Structure formats: structure tokens, C-alpha cells
Amino acid sequence: MTHLGLVLIIACVGISTGVIFAEDVEVANSGGTVRGKIVDTTEAENPIEGVQVKIVAPAPDSTEYTTTTDTNGEFVKTGIPAGRYLISIYRDGYGDWLSRTVTVVNEGDHVVPFKIAQKQSILPLQQKPKDRKQRGLENPPEDSQGHWYSLTLMNTKMGYVHVSSEETEYQGEPVTRNKIDMVMNFKALGTDITIEITRVEYIGADLIPRYFRSTSNESGLKQIEGRIVDGTAYIKTTLNDGTTESEVHLPPDTISEYSGVESLITRKALKIGDQLEFNIFSFDLLKPVKVELEVIGQETLIYKSEEKQVIVLRQIMDMMGGITATSWINSDGITYRTEVPLMGFSMVTQKTDRETALGSAEEIDVILKTRILPSGKLPTPKAEYLKAELKLLSGDIAEVITSNSQQKLELSTAQSGRLSIQVPTIVADDSPDLPIQNAEGEFLGASAYIQTTHPDIQMKVTEILGNEFNSWRAAEKLCRWVHESITNKKMSGGFGTSLTVLESLSGDCTEHTVLFIALARAAGIPARICSGLVFSRDAFYYHFWPEVYVGNWVQMDPTLGQILADANHIQLGGSTVESDNLAEYAVDVLRTINQLEIVVIE
């Protein structure tokens with residue numbers, strides 16, 4: 001439970017960086033589309049035809065929309081009015097009804113995937129059931145242990161978490177199967193965003209996961225699946241229809257991210273002052289993370305009118321500059337409360353009953369809560385020069401504000417300094433011809449989000465550039481094409497892949513950026529992401545934009561239609577977009593949210 005805060009943090013960043021021009025988008029009341037694909041739980045993920053799909057509005061309306069899956073296991077329903085719905089699916093031979101929630105927005109295209117297990121079906125990866133009477137792993141028995149939690153941000157309820165466990169077998173070994181379901185609801189400049197995540201793990205007696213799977217809707221459909229064998233995690237990441245594989249070596253003291261700490265409590269008679277060090281395998285970072293744990297107290301709390309004796313744990317996780325979490329856990333390993341103070345917010349999971357956890361979420365607008373209102377002069381639109389005084393309330397400002405050929409930070413103290421940004425002048429004839437092959441070639445490859453080598457990306461580059469071989473002129477053409485072609489500039493609530501953006505031609509700044517980078521790399525232009533802030537109307541908002549190497553690194557902004565990104569872009573940190581997760585792009589953003597003050601001088 002301790003590490004659920006990280007999921008929430010990353011989801012907030014994915015939303016807050018994607019809506020810079022959302023204020024200017026007018027949304028018609030034409031309803032939205034709900035679509036999805038239903039497959040079985042075998043490794044082949046076979047599509048299932050003839051599944052009943054019901055999309056039901058809450059009472060008192062209770063309007064019901066129905067459809068069935070086709071031969072490809074796909075379903076689609078259009079014209080559904082904006083609002084929150086419960087999607088339920090069923091087919092004979094595949095267990096009980098399975099349900100998920102979705103929030104429909106006008107003109108939105110919402111992908112809601114499902115996996116359902118056939119009764120007495122094959123288990124994940126290579127697991128073979130010894131007992132044919134064993135329940136399907138995707139349908140936990142009614143008496144399995146389950147805990148419900150309300151999820152709050154800044155004392156505002158924004159979702160829920162459900163955790164269940166059961167004893168089973170994996171490849172003949174007794175294991176504990178843990179399942180974590182999480183739903184988070186945000187607003188972003190008035191637009192409803194729902195993040196849904198389901199995670200399953202099978203852990204052995206040594207607390208090391210044998211198999212794990214995470215499915216979310218953060219980028220359309222994202223699934224992470226893997227096995228840990230002899231100290232190595234073998235990971236397969238699927239984003240929509242694209243799959244990448246990787247291997248990560250783990251320290252010998254690596255344990256489960258979700259239940260490892262709770263299990264340690266039940267095995268060790270910890271007392272105040274006791275300290276432990278170990279590693280957890282992070283679902284979000286896809287790598288081990290060092291954890292320092294200390295028992296800092298004992299308390300009595302009230303749960304359902306009963307007194308519960310708990311110990312208070314402080315955990316410091318070695319990621320994103322250090323994340324500290326405080327948890328209240330009893331001797332049976334049951335977590336009653338977890339607090340994660342970060343981004344100037346207080347994120348809390350609180351144990352409760354099912355009805356309370358599933359109750360309505362309150363409205364919280366992530367964009368308005370994370371924007372930075374500057375003091376001093378108002379920045380000039382499309383400025384070629386910017387000078388500002390910056391102050392970071394906590395931490396070292398030089399670690400989060402990038403200095404490069406365009407942006408310079410002169411330190412006054414460890415937490416403050418004067419920033420100057422000058423838009424460069426580019427002479428096309430001085431730029432090298434394509435393809436560029438030099439030390440920056442590492443930024444030419446493909447990744448989970450950047451399908452550089454896909455035939456559709458390659459063909460589109462040829463179509464856009466024609467016979468253009470000058471790297472800067474080619475970058476200009478690509479920037480204009482991306483800005484003009486993505487006409488449906490809607491919020492996505494996460495990262496789409498470059499291929500899905502090319503197909504849909506919709507999205508916010510994250511989608512503009514990943515598509516541009518894929519096209520640029522396919523053309524032979526090294527390209528990478530910039531994360532930071534950009535001024536729009538009244539404030540600085542978190543934003544993503546790309547930069548290309550054409551003899552020097554040059555920032556562009558296809559989202560705003562700027563061939564040269566103006567001086568109102570403050571870069572917090574560059575990323576290579578080589579990771580299969582979103583956390584790598586969020587580090588410096590996280591360290592400045594609600595912590596950075598800006599005074600514009602000129």
C-alpha cells in the first residue's frame with residue numbers, strides 16, 4: 001500500500017503536463033465513444049467473440065447501452081452522453097459478470113479493455129493447474145481477503161483502492177496472489193479524467209514476485225507483464241498493439257512492492273527504533289528501488305468503532321529525489337493508513353468499507369492546482385528573450401533547472417537564481433544533411449512510445465519530406481505537419497504512442513511530442529523530449545515539447561505551432577524517451593510542483 005502514492009503522483013504529472021491549450025478547445029455536446037477489446041487470459045490473448053457488453057448510467061437515469069464483441073473481440077458504442085458509466089461484460093463459459101467504470105466526455109474516444117478467464121482455463125505464462133477444481137485466477141473466491149481504501153488528495157476524495165489476497169500455486173510452488181484495483185478521478189480545466197489500474201502479482205515465501213501483471217488505461221491500453229527468475233526480471237511491455245521486452249537484474253534483497261513490507265511486519269517483532277534496508281521492485285519504474293524503513297512509533301486508532309493497535313513506519317524510497325511515506329500497520333500486516341507528502345500535496349489512502357470507498361469522488365482540478373502564477377512583469381507572447389528570478393522552496397534548484405546553450409541559470413543561493421533564456425538563430429545551410437550520424441545517435445532509436453521503425457511512420461516521413469535532405473528544413477516541415485495535422489487537440493490523460501497518434505491525429509502536448517520525435521528519428525534527426533513549463537495567458541503550466549539535433553540541440557514546439565520554441569519555455573529536465581514507463585519523464589516536474597516561485601524581470 002505504501003507505494004500507491006507513486007502511482008497517483010505519476011498520474012497527476014501525466015495529466016498536468018498535457019493540457020496547455022485545453023482552455024481554447026470548445027467541446028460540442030455530441031457525446032463520446034466507448035470501445036474496447038476483450039481477450040482471454042492465456043499468453044496468446046485470444047479475442048473472444050459474442051461477449052455481451054452493457055454500459056449503464058447511474059441511478060436515477062440508469063440508461064443502458066448494449067452491444068456485443070465481433071470476431072476480433074472488439075466492441076464499440078458511439079453517441080453516449082457525457083457522464084460516468086458502469087461497463088459490464090459476460091459470456092457463457094467465462095465466469096461471472098465482470099465490471100469496470102468509465103467517465104465519458106463529449107467527443108472523447110474511451111478505450112476500455114478487458115481480459116476474462118475461461119472456467120478452468122490455462123493460467124498466466126507457463127503455469128499449469130494441478131487441480132482442475134481450482135478457481136480461475138481472474139475470479140478470486142468470495143471468501144478471499146479483501147481491503148477497501150479511500151484515496152484522497154489534499155483532503156479531497158478522488159478515488160478508491162481495493163486489495164485482495166489468496167493462497168494458490170504457481171508452477172507447482174505455493175504462492176500468494178495479490179490483486180490491487182485502483183480508480184482515480186481528476187478534473188483538468190473542467191474535463192473529467194479517469195485513471196484505472198489493475199495489478200496482480202504472485203509472490204513466493206521469500207516475498208519475491210514470481211509473476212506480475214499491470215494493466216491500465218493511461219495510454220489507451222498499457223500492460224506490463226513479467227517473471228522474476230534467478231534474480232532477473234523478464235519484462236514485456238505492451239502499449240496498444242506494440243510490445244517491447246527488457247531484462248532487469250535485481251539485488252538479492254528485492255521483495256514485493258505491494259505486500260513485501262506488510263509481510264515483513266508479520267514475520268519480525270519490530271519495535272520502536274528498529275530499522276531495515278531492502279529493495280522493492282517498482283511496477284512504475286520497472287526496476288529495483290532501495291527502501292530505508294524505520295519504526296517511529298506505536299499508536300491506537302479507531303476503525304469501525306473498534307480500537308486497533310498499530311505501529312507507525314517511515315519509509316524513504318530512493319527515487320525522484322527521495323519519497324517519504326508514513327504507514328500505520330497492525331501486527332497482522334494490515335495497512336490502515338498511508339500518507340505520502342509530495343508535490344506540496346498530501347496523498348492519503350485510508351482503510352474503510354466498500355460502500356464508502358466506492359462513493360462519489362469530489363472535484364479536484366489538477367491543472368489549476370499545479371499551475372504557477374508568476375509575479376513581476378507579464379511575459380511577452382512568443383518572446384525571444386526571458387529573464388526571471390526563480391526560487392525553489394525545497395531542494396537544490398540547480399538539480400532541477402537545466403542549463404544549456406539556450407537557457408542559463410546563475411545561482412544566488414542553493415535554492416534560488418536568475419534564469420535567462422535566449423531563442424537561438426538557426427541558419428539552415430549550416431545544418432548537416434540527413435541522416436545525422438554522430439555522438440547523438442543514441443537519440444535515433446525506437447522505444448515503447450516511439451515506434452521509429454514502424455512502416456507507417458517511415459512512409460509518413462517520406463510523404464512529408466519528399467526530397468528534402470537538409471536536417472533543419474526537414475525538422476521545420478515535420479513540426480508544421482504535426483501541428484497542422486493533429487486537429488483534434490483533446491486531452492489524453494497520459495502518453496499516447498507515436499503510432500496511435502499517427503492513426504488518430506488527436507491528443508495534447510504529449511501526443512504532439514511523441515509523434516514528432518518518432519518522425520524526426522525516422523528521418524535521421526536525433527530527437528528527445530523536454531519537460532518543463534510554458535507561459536500561457538495567466539500562468540506557467542507544465543508542458544512537454546521536443547528538441548532536435550541539427551549540429552546543435554534546438555527546441556521546437558509542434559503543440560503551439562512554434563518552429564523555434566519561444567523564450568517562455570522553461571526546461572526542467574530532458575529525457576531520452578527510451579523508457580517503457582512515464583516516471584522517467586516526471587522526476588524534475590515532481591520536484592517543482594507547488595515548490596517553484598517565478599518572478600519575471602523582462
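For clarity, every value in this text was computed on a predicted model and none was experimentally measured. The first residue of the sequence shown is numbered 1, and numbering continues consecutively from there.
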**Message:** Taking the side chain as everything from C-beta on, heavy atoms only, tell me whether Glu262 gets closer than 4.5 Å to Ile334.
**Reply:** no

**Prompt:** Do the side-chain N and O atoms of Lys115 and Gln223 include a donor-acceptor pair separated by under 3.5 angstrom?
**Reply:** yes

**Residues Gln458 and Gln451: side-chain donor-acceptor under 3.5 angstrom** = no

**Asked** Looking only at side chains, do Gln309 and Thr300 share a donor and an acceptor under 3.5 Å apart?
**Response** yes

**Request:** Would you check, one step at a time, whether the test side chain to side chain contact (heavy atoms under 4.5 Å, CB included) holds for Val34 with Val76?
**Result:** CA-CA 6 Å; Val34 175; Val76 61; over 6 Å; no

**Message:** Between Ile89 and Ile116, is there a side-chain heavy-atom distance shorter than 4.5 Å?
**Reply:** yes

**Prompt:** Between the main-chain N or O of Glu74 and the side-chain N or O of Asn72, is there a donor-acceptor pair closer than 3.5 Å?
**Reply:** no

**Message:** Just by distance, no angles: are the side chains of Tyr336 and Gln350 close enough, under 3.5 Å, to form a donor-acceptor pair?
**Reply:** no

**Message:** Between Thr452 (side chain only) and Ala522 (backbone N and O only), is there a donor and an acceptor less than 3.5 Å apart?
**Reply:** no

**Validation row: Arg91, Ile48 side chains within 4.5 angstrom (heavy atoms)** = yes

**Salt-bridge present (Arg199, Glu201; N to O < 4.0 Å)** = no

**Request:** Side-chain contact test, heavy atoms from C-beta onward, threshold under 4.5 Å: evaluate it for Ile224 versus Leu286 and give yes or no.
**Result:** yes

**Prompt:** Does Asn330 reach the main-chain N or O of Gly333 with its side chain, forming a donor-acceptor pair under 3.5 Å?
**Reply:** yes

**Asked** Is the number of heavy atoms from other residues, nucleotides or ligands under 6.0 Å of Glu355 CD greater than 12?
**Response** no

**Request:** Give the C-alpha distance, both sets of side-chain angles, the deciding distance and a yes or no for side chain to side chain contact (heavy atoms under 4.5 Å, CB included) between Tyr160 and Thr352.
**Result:** CA-CA 10 Å; Tyr160 69 85; Thr352 186; over 6 Å; no

**Message:** With a 6.0 Å cut-off (strictly less than), is the heavy-atom count around NZ of Lys308, excluding the residue itself, greater than 12?
**Reply:** yes

**Cation-pi, Tyr202 ring and Arg210 (6.0 angstrom, 45 degrees)** = no

**Message:** For the residue pair Arg227 and Tyr234, would you count it as a cation-pi contact if the rule is NZ or CZ under 6.0 angstrom from the ring centre and within 45 degrees of the ring axis?
**Reply:** yes

